[in-house]
There are 2 protein chains.
Amino acid sequence: MQKVLRHLFVTEEEPLRSNWVGAFPSAQLSHWSSSQQSFQADLFWLVLPYDDGAGALIDLWKKIAGPSPLVALSDEPGDEEGISVLQAGASGYCNGYASPEVLRQVAHTVEQGGVWVGQSLVQKLVSAVARQASTPAAAAGGWAKVLTEREQAVAMAVASGASNKEIAGRLGITERTVKAHLSAAFEKLNVRDRLQLTLLINGLS
Amino acid sequence: MQKVLRHLFVTEEEPLRSNWVGAFPSAQLSHWSSSQQSFQADLFWLVLPYDDGAGALIDLWKKIAGPSPLVALSDEPGDEEGISVLQAGASGYCNGYASPEVLRQVAHTVEQGGVWVGQSLVQKLVSAVARQASTPAAAAGGWAKVLTEREQAVAMAVASGASNKEIAGRLGITERTVKAHLSAAFEKLNVRDRLQLTLLINGLS
DNA sequence: TCTCGGGTTGTACTTTCGTACAATGGCGCG
DNA sequence: CGCGCCATTGTACGAAAGTACAACCCGAGA
């Protein structure tokens with residue numbers, strides 16, 4: 001780990017550049033503007049432009065970077081941009097104005113072959129995948145397994161947007177009974193209200 | 001970063017334990033078996049059992065850990081297990097026999113609020129999401145176009161299961177204002193309550 | 001038989017949600 | 001400058017939702 005790594009930081013924005021230099025004062029680095037001919041580096045930092053097309057940009061630089069990892073920096077990180085960037089093969093995606101400490105953290109992770117991703121993005125990815133995996137009939141979600149038949153019926157009605165009164169009418173029972181089944185479902189599934197129940201059932205939580 | 005963090009390493013498997021101690025020889029740590037009464041720690045390491053149910057296990061420990069991050073360690077890491085673990089709210093997932101260096105790396109990442117995920121898992125997540133042709137909600141959109149910026153923010157928060165009070169806190173406004181934005185959104189989108197709003201936004205209605 | 005889980009319902013209460021009526025301040029625009 | 005749109009907040013009230021503490025009926029088992 002004592003090996004000195006060559007970093008290449010690509011951007012035209014001065015504030016970002018100085019922020020980055022603050023994080024790696026001792027690193028040997030090349031600049032975008034300096035030597036256009038030689039892009040040899042062990043780690044590429046690429047600041048994304050405001051307009052979209054981030055994926056294509058990464059694609060382009062991946063060819064230049066070759067086997068070296070590439071981290072995308074964004075002024076305004078967003079989940080969609082992050083997904084396209086990672087899909088294009090970037091090894092990291094984070095805020096360009098991240099603290100030096102975080103930047104070094106990112107560098108360290110990426111150097112070791114890891115992928116650096118922000119928390120919200122990971123959550124989004126995970127939930128999306130989980131949803132996709134469980135959507136088919138299966139109800140594999142498991143949520144159904146712990147509920148009784150009646151609780152399932154009420155829960156599914158709730159998840160479709162029905163009110164307690166509507167459910168009561170639909171199932172031919174009292175609104176009170178609907179509440180009873182719902183409370184039981186909340187407890188078993190560890191959610192606090194019908195909205196979170198809905199998210200859970202639809203695999204969105 | 002000089003702050004000494006309390007780690008809690010939970011397992012019954014000696015080889016894993018010693019591997020872990022090797023990674024954090026100087027850390028103050030508590031052991032599962034030692035003081036059952038106090039589970040105060042800044043970082044929880046949880047070794048997953050062979051049988052499944054990893055998600056539920058994480059769920060349980062999340063309650064104990066509170067706001068502190070939790071890292072799941074697996075003898076045989078797999079993408080499915082990783083997904084369920086992350087979905088349950090773990091901040092990291094890696095091989096229990098990872099090198100001390102990697103373990104420290106993980107700790108560092110997680111301590112800073114990051115999420116540590118292996119490369120293959122990230123790739124899987126990303127490709128799965130990409131395959132889904134983006135979110136039908138975001139694409140089908142339309143709903144966002146008719147809402148003001150503020151209304152969108154509140155609507156999205158609601159669609160993620162937040163209560164009015166939580167949204168108010170999150171956006172730094174009054175609960176009353178949240179209600180105002182929500183009422184406006186209901187009217188514009190022609191829905192009657194937050195649950196139907198949620199279904200609409202998530203493309204489930 | 002007696003216990004146990006599931007389904008049902010009642011009364012009463014707290015909390016949250018949603019709306020009505022209303023006001024203030026900022027901002028762009030003719 | 002007035003007008004409209006947006007963001008913000010207040011008070012108040014009715015309607016849902018959710019919880020607490022029950023009770024009763026019924027079928028499957030120990």
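Looking at heavy atoms from C-beta onward, B:Trp20 lies in side-chain contact with B:His7 at the 4.5 angstrom threshold. Inter-residue side-chain proximity for B:Val106 and B:Tyr93 is flagged as unmet; no heavy-atom pair is nearer than 4.5 Å. At least one side-chain heavy atom of B:Leu197 sits under 4.5 Å from a side-chain heavy atom of B:Leu182.
Summary for the helix from C:dT1-D:dA30 to C:dG30-D:dC1: the axes at its two ends, each from 5 pairs, differ by 30° when rounded to the nearest 10 degrees.
Remark: B:Gln105 pairs with A:His108, A:Thr109 by the side-chain hydrogen bond (donor to acceptor under 3.5 Å, both in side chains) rule, at least two apart or across chains.
Here salt bridge (charged side-chain N to carboxylate O under 4.0 Å, His left out) pairs that include residues 183-205 of chain A, with residues two or more places apart or in two chains, are A:Glu151-A:Lys188, A:Arg192-B:Glu166.
At distances below 3.5 Å, at least one donor-acceptor pair connects side-chain atoms of A:Gln152 with backbone N or O atoms of A:Ala144.
If you measure from atom CZ of A:Phe186 to atom C1' of D:dA20, you get 16 Å, rounded to the nearest angstrom. The separation between B:Leu147 atom CG and D:dC5 atom P is 16 Å, rounded to whole Å. Between the CD atom of B:Glu187 and the P atom of C:dT19 there is a distance of 9 Å, rounded to whole Å.
Nearest heavy atoms, A:Asp42 versus A:Ser68: O-CB, 3.6 Å. The nearest pair of heavy atoms linking B:Val158 to A:Leu195 is O-CD2, 3.8 Å. Nearest approach of B:Leu73 to B:Gly96, heavy atoms of both residues: CB-CA, 3.9 Å. Scanning all heavy atoms of the two residues, the minimum distance from B:Ser91 to B:Pro69 falls at OG-CB, 3.7 Å. Across all their heavy atoms, A:Arg170 and A:Ser160 have their closest contact at NH1-OG, 4.2 Å. The two residues A:Gly92 and A:Leu86 have their closest heavy-atom pair at N-CD2, 4.4 Å.
OP1 or OP2 of C:dT19 lies within a sub-4.0 Å distance of a side-chain N or O belonging to B:Ser183. Dashed line: the shortest gap from a side-chain N or O of B:Asn164 to OP1 or OP2 of C:dT16 is not under 4.0 Å.
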For the pair B:Phe24 and B:Trp45, evaluate ring-ring contact (aromatic ring centres under 6.0 Å, His included) and give the outcome as yes or no after the intermediate values. CA-CA 12 Å; B:Phe24 302 99; B:Trp45 299 81; 5.5 Å; yes
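Listed by residue number, there are no residues of residues 189-199 of chain B with a heavy-atom contact under 4.0 Å to DNA chain D. Of the residues in residues 156-163 of chain A, not one places a heavy atom less than 4.0 Å from an atom of DNA chain C.
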Return a single string for nucleotides 4-15 of chain C, one symbol per nucleotide in 5' to 3' order, where B is base contact, S is sugar-phosphate-only contact and - is none, cutoff 4.0 angstrom on heavy atoms. --SSSBBB----
